[in-house]
Amino acid sequence: QVQLVESGGGLVQAGGSLRLSCTASGSRFSLDTMGWFRQAPGKLRELVARITSAGMTNYADPVKGRFTISGDIAKNTVYLQMNSLKPEDTAVYYCTARGSGDYGIEFDQWGQGTQVTVSS
């Protein structure tokens with residue numbers, strides 16, 4: 001069983017910054033993609049950013065130019081640097097990972113989430 005643990009959330013004022021971290025643990029698995037989703041109360045979960053094992057990245061339009069995803073998928077780690085935060089960024093942020101385990105079976109794993117609150 002692969003487990004993901006997020007950290008780094010908190011309360012900040014608009015214009016501030018936060019850095020989220022995610023680590024994966026387990027055995028007999030290989031990750032291909034890691035990323036971040038977020039979900040605000042009463043709203044749909046949405047993609048924030050993701051990175052592949054080849055280093056390719058993509059971002060949702062609302063965070064382009066403000067957020068940066070980085071890390072080393074081979075080492076089962078990913079980060080999300082969030083700058084110039086806005087109140088609309090307030091949400092629970094979830095780390096996600098896609099990979100394969102025993103017998104080549106693919107999986108999509110989610111962390112428990114970390115709360116990010118941006119005050120106006």
Side-chain angles (χ1 to χ4, degrees):
Q1 181 75 21
V2 176
Q3 297 185 16
L4 303 178
V5 179
E6 307 100 331
S7 64
L11 173 64
V12 299
Q13 293 184 321
S17 299
L18 285 173
R19 181 178 172 85
L20 305 184
S21 300
C22 176
T23 59
S25 62
S27 62
R28 302 181 185 181
F29 69 91
S30 179
L31 300 181
D32 180 65
T33 302
M34 297 187 75
W36 296 91
F37 283 73
R38 67 186 182 185
Q39 187 168 27
K43 296 186 178 296
L44 298 175
R45 183 182 299 176
E46 63 179 356
L47 172 70
V48 177
R50 56 187 167 199
I51 184 170
T52 71
S53 59
M56 299 294 292
T57 61
N58 62 78
Y59 300 88
D61 287 340
V63 308
K64 288 181 179 178
R66 299 187 297 120
F67 292 9
T68 302
I69 188 169
S70 64
D72 188 343
I73 293 178
K75 298 294 177 60
N76 306 322
T77 60
V78 67
Y79 306 93
L80 185 68
Q81 179 66 45
M82 304 184 293
N83 298 325
S84 302
L85 284 162
K86 304 175 180 180
E88 50 262 45
D89 294 318
T90 296
V92 176
Y93 284 69
Y94 297 91
C95 178
T96 185
R98 176 182 297 174
S100 60
D102 288 345
Y103 310 107
I105 299 176
E106 295 186 351
F107 62 84
D108 189 15
Q109 188 69 33
W110 296 81
Q112 296 300 306
T114 184
Q115 177 70 47
V116 172
T117 302
V118 184
S119 62
S120 60

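Counting from 1, the numbers follow the sequence of the chain as shown. If you're wondering where the values come from, they're calculated on a predicted model, not measured in any experiment.
Atom OG of S119 and atom CD of Q13 lie 5.0 Å apart (nearest 0.5 Å). Atom-to-atom distance recorded for D32:CG and S100:OG is 8.0 Å, nearest 0.5 angstrom. Atom CZ of residue R66 and atom CD of residue Q81 lie 12.0 Å apart, to the nearest 0.5 angstrom. To the nearest 0.5 angstrom, L4 atom CG is 8.0 Å from T23 atom OG1.
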Run the side-chain contact (heavy atoms from CB on, under 4.5 Å) check on Q109 and F29 step by step: do they pass? CA-CA 12 Å; Q109 188 69 33; F29 69 91; over 6 Å; no
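Closest approach of C95 to V78, counting heavy atoms only: SG-CG1, 3.9 Å. Heavy atoms only, all atoms of each residue included: C22 and M34 are closest at SG-CE, 4.2 Å.
Note that R19 lies in the cation-pi zone of Y79, set by a 6.0 Å cut-off to the ring centre and a 45° limit from the axis. Under the 6.0 Å distance and 45° angle rule, R45 counts as a cation-pi partner of Y94.
When atom types are taken as modelled, the side chain of T90 and the backbone of V118 share a donor-acceptor pair closer than 3.5 angstrom.
D102 and R28 are joined by a salt bridge, as a carboxylate oxygen and a charged side-chain nitrogen come within less than 4.0 angstrom of each other. Between R98 and E106, none of the side-chain N atoms (NZ, or NE/NH1/NH2) sits under 4.0 Å from a carboxylate O, so this pair counts as no salt bridge. Between D89 and K86, none of the side-chain N atoms (NZ, or NE/NH1/NH2) sits under 4.0 Å from a carboxylate O, so this pair counts as no salt bridge.
Using a 4.5 Å cut-off between side-chain heavy atoms of Ile, Leu, Val, Met, Phe, Trp and Tyr, with links allowed through other members, W110 and I69 fall into different hydrophobic clusters. In terms of hydrophobic clustering, with Ile, Leu, Val, Met, Phe, Trp and Tyr side chains grouped at heavy-atom distances under 4.5 Å, F37 and Y59 are assigned to different clusters. One hydrophobic cluster, built from ILVMFWY side chains closer than 4.5 Å, holds both L47 and V92. When the side chains of ILVMFWY residues are joined at heavy-atom separations under 4.5 Å, either directly or via intervening members, I73 and V2 end up in a single hydrophobic cluster.
Using a 4.5 Å cut-off on side-chain heavy atoms (C-beta onward), V116 and L18 make contact. Contact check for T114 versus L20: side-chain heavy atoms found under the 4.5 Å cut-off.
Counting non-hydrogen atoms of neighbouring residues, nucleotides and ligands closer than 6.0 angstrom, the CZ atom of R38 exceeds 12 such neighbours. For CD of Q39, the number of neighbouring non-hydrogen atoms (other residues, nucleotides, ligands) closer than 6.0 Å is greater than 12.
T96 and D108 share a side-chain donor-acceptor pair at under 3.5 Å. A side-chain donor-acceptor contact under 3.5 Å links N83 and S17.
Ring geometry, F67 versus Y93: the interplanar angle falls from 30° to 60°, so the pair is classed tilted.
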